[in-house]
S.K.: 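Structure provided below as structure tokens; questions to follow.
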Amino acid sequence: MALLRLLAILFLVPASAVAQASEYDLKAAFLFNFVKFVEWPPQAFSSDRAPVTLCVFGQDPFGHTLENVIQGERVGERSLAVRRPGLEELDGCHVLFVSRSETERFGAVLSKIGSKPVLTVADTDGFLQAGGAINFVLEGNKVRFLINPKAAERNGLRISSRLLRLAMIPVT
Amino acid sequence: MRLLLRDLPIRRKLVVILMIATGGALLLAGILLLTLDFFRFRAEMKTDLGVLAAIVAQNSSAPISFQDRIVAEETLAALRAKPSILGAALYDAQGMPFVEWIRPGEAPDFPARPGTDGATFRDGRLVLFEPVIVVGERVGTVYLESSLSEVWERLRVRAFTVTGVFLIAALAALALSSALQVLISRPVMSLADTAKAVSERNDYSLRAEKQSADELGRLVDAFNQMLSQIEERDTALLAAKEELEHRVEDRTHELREANAELQQSNRDLDDFAYIASHDLKEPLRGIHNYSMFLLEDYGDKLDEDGKAKLETLMRLTRRMEVLIDSLLEFSRLGRVDLAMDEVDLNEILSETLENLDINLKEEKVEVAVPRPLPTVRSDRVRVGEIFHNLIVNGVKYNDKPHKRIEVGYLDGEEPRVFYVRDNGIGIPEKHHEAIFRIFKRLHSRDKFGGGTGAGLTIVKKIVERHNGRIWVESEPGEGTTFYFTLGKGDRLAEQHTEPTDPAG
């Protein structure tokens, strides 16, 4: 379903923006998919009905894509929501994408998160070293990602081995 | 097949029957087992592959979601471990092919779009569609294609095993049936041997040995019973035969004695008749002679009436003599044996006619013999007498100017019917019986040449001694035909030519 949307988006977005749009379209789709392969502890959700919240911190590279991707979708019983919080509004995020624009503040953000059950994602070098869990990389024209499972562990999250298989595990 | 088996000895037949039955059962069992196995192996393969497909689907969920073809291919390629899998493919959520894996050297047939989930057997292959699901949502389909070579291989191995086991079972059956067939064959053979011995040696005292209490046992009992019955009848027969022989001996003895008595009596009668005739005839001759003397010596002293009376006297004595001779002849005929021989009747007839020649010429008698007479087994002399008497009668009792006698025989009759026919005065039917009686004359003694009336009686006696028959056909004025036979058919009466000597 998500891919269908991506295709639709690809046709609508102008050529110059296409390359960039498709990169972040994929990354948006991946963010959505990450949810399917990660287990949050029960206390991460306020209720059974509480949606899985995807947060974008800093300059939003996704545009409407993220909303499009999650619209109408469910993961298990839960629907999804998108937020763009400030530093003090990070509570309630389940997935936090830290934009490249916030590279200097990686450390601050991550310490703010601490060991709360949040999946930290970025697409900037050094994110994992800073303590993030997943970092997007571009391999040729393919979007790949690196995962630091220990970081996720510290956040009380369990990443499915199936996802880990796909990732390039950094040597830590 | 029954025809081939039918004439085998019982022992072999029983074993063959049992083996055919056992073999047939084992074969059927084998076929059924293998058929069941085939379906079982197929079902197991289906389960196996289902499991593999599920695992692959699980492992494919991430690669599909994150479009990681490399990992997806790796996941599919892991299926190479199962030799029967020819190839596998992954389809994405839209049903578009994502990745494929083909076993080197194989040519699986990947569909353009995934079909319904589940396993099917198609074209001798097993194909599977398994959904790839992540958190309850379908993100793609796994396609597996497998050959059934594994099934056949398993089946082949199984067939060998089954065949081996069943061969052993068959051998065991062979051993058992060979051992157990004696239960039937031995009693049967024993009975057969006994029957053969009884019939070969005609020994009805033998008995068959009863070896079992089944139908064969009953057969043996019945057989023995029959033998006992035969034995009894044999002894009874033997006793009856001896009894009969005794009786026959006794009867023969009695008959011999009776015969001897008869012979003796005959001889006595003969003697008596001979003597009596002589003694009877002597005074007759005396009377005749003295009458003649009277006529010669005192004839001139007698008148015509007296002479006539003397002549009558002489005639009467002559007549008496003839009567005595006839009586003697008739008596002898009854007692004397016939001298049987192959007699040419033509010879006899011509002899008879020669003897009567003068008489026949005088009377102007034509004697016709339409065809030559056969040769018949008879008494030569007596047959001559038949012809003589019948012809003489035919001439005597004939008032026609042109007398005709015909002698011949009828066609197609068995025994041969001879006849003597004349064109004489004929005989009324009411006298046809009486004429054969002794001394019976239908006419007065001075008509038709006289005669004793013994001729026909003598002829009848001779014919009857030959076991034949004589009868007459005649109408007054129409002539007379005497028919006679000289026997009962092919064989005439056979008498001993010599009287048996009772003294042995």
Side-chain angles (χ1 to χ4, degrees), chain A residues 1-8 10 22-23 25-40 51-52 69-70 72-80 94 121 123 134-147 149 158-169, chain B residues 50-82 88-101 110-114 116-117 129-144:
Chain A
M1 280 316 275
L3 282 169
L4 198 66
R5 294 218 180 114
L6 275 172
L7 284 170
L10 277 170
S22 17
E23 180 193 332
D25 291 333
L26 276 175
K27 286 179 181 170
F30 282 20
L31 274 181
F32 165 58
N33 279 325
F34 286 150
V35 174
K36 298 183 194 170
F37 292 92
V38 173
E39 261 179 57
W40 277 263
V52 179
V69 161
I70 65 156
E73 294 286 351
R74 303 183 89 84
V75 175
E77 291 291 311
R78 303 184 190 279
S79 59
L80 295 123
H94 298 107
V121 186
D123 60 350
I134 302 180
N135 197 29
F136 284 119
V137 286
L138 276 180
E139 203 177 62
N141 57 349
K142 284 206 165 89
V143 176
R144 307 291 303 277
F145 44 88
L146 295 162
I147 301 184
R158 217 181 129 259
I159 298 187
S160 163
S161 54
R162 290 179 276 167
L163 187 55
L164 289 175
R165 257 174 82 212
L166 296 175
M168 298 148 61
I169 309 282
Chain B
V51 167
L52 280 173
I55 292 172
V56 163
Q58 264 249 330
N59 293 343
S60 305
S61 56
I64 283 185
S65 300
F66 295 101
Q67 307 214 5
D68 193 335
R69 285 198 155 79
I70 295 173
V71 175
E73 267 176 30
E74 273 174 26
T75 310
L76 285 186
L79 289 170
R80 84 163 65 83
K82 183 109 179 133
L90 266 177
Y91 298 84
D92 63 20
Q94 277 73 40
M96 303 299 292
F98 185 56
V99 286
E100 287 176 0
W101 172 77
F110 296 126
R113 287 271 184 280
T116 30
D117 293 337
F129 291 102
E130 182 78 17
V132 182
I133 297 179
V134 181
V135 200
E137 200 189 309
R138 189 188 187 122
V139 296
T141 312
V142 174
Y143 170 81
L144 273 188

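Here is the naming used below: chain letters follow the sequence lines, and residue numbers restart at 1 for every chain.
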S.K.: Against chain B, label Arg74(A) side chain, backbone, both or neither, depending on which of its atoms sit under 4.5 Å from a heavy atom there.
M.R.: backbone
S.K.: Considering only heavy atoms, which portion of Gln58(B) lies under 4.5 Å from any heavy atom of chain A: side chain, backbone, both, or neither?
M.R.: both
S.K.: When heavy-atom pairs shorter than 4.5 Å are enumerated against chain A, which of Gly136(B), Ala72(B), Ser61(B) gives the highest number?
M.R.: Ser61(B)
S.K.: Identify the heavy atoms of Ala89(B) and Phe110(B) that sit nearest to each other, and give their distance.
M.R.: CB-CD2, 3.8 Å
S.K.: Is Glu23(A) salt-bridged to Lys27(A), going by a charged N under 4.0 Å from an acidic O?
M.R.: yes
S.K.: Among all residues two or more places apart in sequence or in another chain, which pass the side chain to side chain contact (heavy atoms under 4.5 Å, CB included) test with Ala28(A)?
M.R.: Phe62(A), Thr65(A), Leu66(A), Val69(A)
S.K.: Using non-hydrogen atoms and a 4.5 Å limit, figure out which bit of Phe30(A) sits close to chain B: side chain, backbone, both or neither.
M.R.: both
S.K.: Who are the side chain to side chain contact (heavy atoms under 4.5 Å, CB included) partners of Ile55(B), not counting sequence neighbours?
M.R.: Val51(B), Asn59(B)
